[in-house]
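This report refers to the structure that appears directly beneath it.
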Amino acid sequence: MSNKNLHKGVNTICTHVGQVKDEQFGGSVSPIYPGTSYEYIDKDIDRYPRYSSTPNQEFLSKKIAALEGTEDAMIFGSGMAAISTSLLAFLNSGDHIILQNDIYGGTRNLVEAQFNRYGIEYSFTKGLEVEHFEEKIKKNTKAIYIETPSNPLLKIVDIKKVADLSKNHELISFIDNTFATPLIQKPHSLGIDIILQSATKYFGGHSDICAGAIAATSKHREIIWNLSKNIGGSLSDYTAWLLERSMKTLSVRFFTQQKNAVELANYLKDCQSIDKIYYPGLSSHPGHDIAKEQMDGFGAVISFELNKKIDPKKFLKSLKMINPSMSFAGVESTMLSPAETSHYLLTPEDRLSQGITDNLIRFSVGIEDVPDVVDDFEQALNNCR
Ligand SMILES: *Cc1c(COP(=O)(O)O)cnc(C)c1O
């Protein structure tokens with residue numbers, strides 16, 4: 001884009017970068033190009049949906065690269081398509097990867113269920129410190145994978161330390177940046193190679209899009225792209241168009257959600273029916289200092305532990321506005337019990353080892369007026385104050 005330098009702030013990038021120009025009618029929004037067949041004579045781009053090179057796919061990637069501050073980006077049909085394709089693009093049979101212990105369940109399942117079949121070795125760390133990653137390095141270690149803040153306890157890993165460790169040992173570093181988004185966390189500037197996003201979450205933001213993205217240097221992007229053409233997890237142009245439209249309001253939505261989350265975390269921390277609260281913005285959170293250093297905010301997800309006297313199922317059912325539902329990051333507030341949903345397949349002991357009790361609730365804060373959300377808590381918990 002010739003006027004790229006004009007687009008610096010994240011709000012401006014969200015609104016303007018990555019727009020497909022409507023040359024024919026001068027419309028203010030991107031046209032949709034759903035074609036699967038494009039002229040090829042004398043063209044230097046081979047445009048095809050599975051190659052992620054149609055106009056809508058290509059331009060949406062520019063918006064994501066601009067937000068993450070990377071040379072390049074690429075979109076996928078889901079967050080897991082982005083994650084699996086990226087990992088398999090760099091890992092060969094005989095290679096070893098080190099992963100943070102508490103990562104997204106789907107990613108953990110991909111590693112545990114599939115990697116043995118490809119002869120890829122893996123280790124999960126014991127904890128969150130850089131030493132916990134370092135102690136797992138072996139001769140055949142090729143990559144390190146982190147997710148910060150993590151799901152559901154919003155644990156924080158020092159990104160720069162892990163990036164430096166990776167560089168010193170010539171490893172490829174990956175981060176799942178879904179919880180923070182590039183609006184408040186730019187891991188590439190801290191030295192991480194491959195940034196992964198489930199665009200199903202904040203990028204889409206309306207609980208109606210399934211998509212994924214990677215951001216990286218052009219060199220790394222090409223390695224991932226080469227495998228993606230074989231695997232075929234591309235995003236349809238209709239959804240690419242809708243995602244680009246949705247991302248115009250990403251910053252407005254996310255910053256409102258985050259502002260509400262700060263207010264609600266402060267309300268919930270004094271609530272008598274709540275025993276423990278996890279929000280990186282609270283000084284009581286173990287990762288608060290690192291989060292303050294490496295993030296420009298603390299995100300919009302809060303987890304909390306209900307008092308043992310309260311039945312979590314009953315609590316979720318008694319909510320009138322907040323929806324007990326899977327997934328997160330939509331404009332509407334939602335809640336779930338990780339023990340009943342995302343971490344159901346783990347044994348209670350494994351759950352407890354990660355700090356996940358039966359009374360833990362993950363709360364994705366929406367854009368509603370905070371007093372209305374508080375009212376819902378008050379009626380469900382019989383006087384939280
Ligand atoms: C949802 C999620 C994913 C997977 O994304 P899909 O779009 O569902 O495939 C990966 N990482 C994190 C942190 C997520 O929340």
Side-chain angles (χ1 to χ4, degrees), residues 52 60 64 68 73-88 99-114 124 128 145-157 159 174-185 187 192 194-215 224 228 231-236 239-240 242-243 246-247 250 254 257 261 278 280 287 291 295 298-303 325-330 334-338 341-345 354 356 362-366:
S52 296
L60 173 55
I64 293 166
E68 295 281 8
M74 193 180 149
I75 53 167
F76 287 85
S78 69
M80 283 313 300
I83 293 168
S84 58
T85 308
S86 302
L87 286 171
L88 294 174
L99 303 108
Q100 182 181 327
N101 188 29
D102 44 357
I103 50 171
Y104 176 70
T107 311
R108 193 177 177 111
N109 204 40
L110 163 75
V111 170
E112 290 183 330
Q114 309 295 337
F124 287 99
L128 304 166
Y145 188 103
I146 59 172
E147 181 181 318
T148 178
S150 72
N151 180 32
L153 295 176
L154 296 320
K155 290 184 187 166
I156 304 290
V157 169
I159 299 172
F174 294 85
I175 187 171
D176 186 330
N177 207 27
T178 301
F179 269 74
T181 82
L183 297 176
I184 57 165
Q185 182 165 278
I192 297 286
I194 318 288
I195 326 295
L196 305 156
Q197 274 285 338
S198 169
T200 310
K201 313 297 161 52
Y202 290 108
F203 280 17
H206 295 74
S207 313
D208 56 6
I209 287 174
C210 182
I214 63 115
I224 295 166
S228 80
I231 301 272
S234 57
L235 185 68
S236 108
T239 313
L242 188 59
L243 183 54
S246 303
M247 285 184 71
L250 167 63
F254 185 83
Q257 286 169 285
Y278 301 89
M295 301 170 80
F298 303 102
V301 176
I302 303 168
S303 289
S325 64
M326 296 289 280
S327 204
F328 68 102
T334 59
M335 272 188 216
L336 62 71
S337 149
T341 56
S342 53
H343 295 70
Y344 180 71
L345 290 177
Q354 293 185 32
I356 299 165
R362 188 188 74 191
F363 175 22
S364 169
V365 179

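Remember, it's 1-based here, ligands and their atoms both numbered in the order they're listed.
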Discussion item. Using side-chain contact (heavy atoms from CB on, under 4.5 Å), reason through Thr148 and Met295 one step at a time and then give a plain yes or no.
Written reply: CA-CA 10 Å; Thr148 178; Met295 301 170 80; 5.9 Å; no

Practice prompt. Write down the atom of Phe124, the atom of Gln100, and the distance for their closest heavy-atom approach.
Written response: CD2-O, 3.5 Å

Practice prompt. Please report the closest heavy-atom contact between Leu60 and Ala240, naming both atoms and the distance.
Written response: CD2-O, 3.6 Å

Please table the atom pairs, donor to acceptor, closer than 3.5 Å between any side-chain atom in residues 204-213 and protein atoms at least two apart or in another chain.
from: His206; atom 1: ND1; to: Gly204; atom 2: O; distance (Å): 3.0
from: Ser207; atom 1: OG; to: Glu332; atom 2: OE2; distance (Å): 2.6

Item to complete: Decide side-chain contact (heavy atoms from CB on, under 4.5 Å) for Met247 and Ile64; before the verdict, give the C-alpha distance in whole Å, the side-chain angles of both, and the deciding distance to 0.1 Å.
Response: CA-CA 9 Å; Met247 285 184 71; Ile64 293 166; 4.0 Å; yes

Which pairs of nitrogen or oxygen atoms, taken one from ligand 1 and one from the protein, are under 3.5 angstrom apart?
from: ligand 1; atom 1: 5 (O); to: Ser198; atom 2: OG; distance (Å): 2.9
from: ligand 1; atom 1: 7 (O); to: Gly79; atom 2: N; distance (Å): 2.9
from: ligand 1; atom 1: 7 (O); to: Ser198; atom 2: OG; distance (Å): 2.9
from: ligand 1; atom 1: 7 (O); to: Thr200; atom 2: OG1; distance (Å): 2.5
from: ligand 1; atom 1: 9 (O); to: Gly79; atom 2: N; distance (Å): 3.0
from: ligand 1; atom 1: 9 (O); to: Met80; atom 2: N; distance (Å): 2.8
from: ligand 1; atom 1: 11 (N); to: Asp176; atom 2: OD2; distance (Å): 2.6
from: ligand 1; atom 1: 15 (O); to: Lys201; atom 2: NZ; distance (Å): 2.6

Item to complete: Output, in order, the C-alpha distance, side-chain angles, deciding distance and verdict of side-chain hydrogen bond (donor to acceptor under 3.5 Å, both in side chains) for Gln354 and Asn101.
Response: CA-CA 8 Å; Gln354 293 185 32; Asn101 188 29; 4.9 Å; no

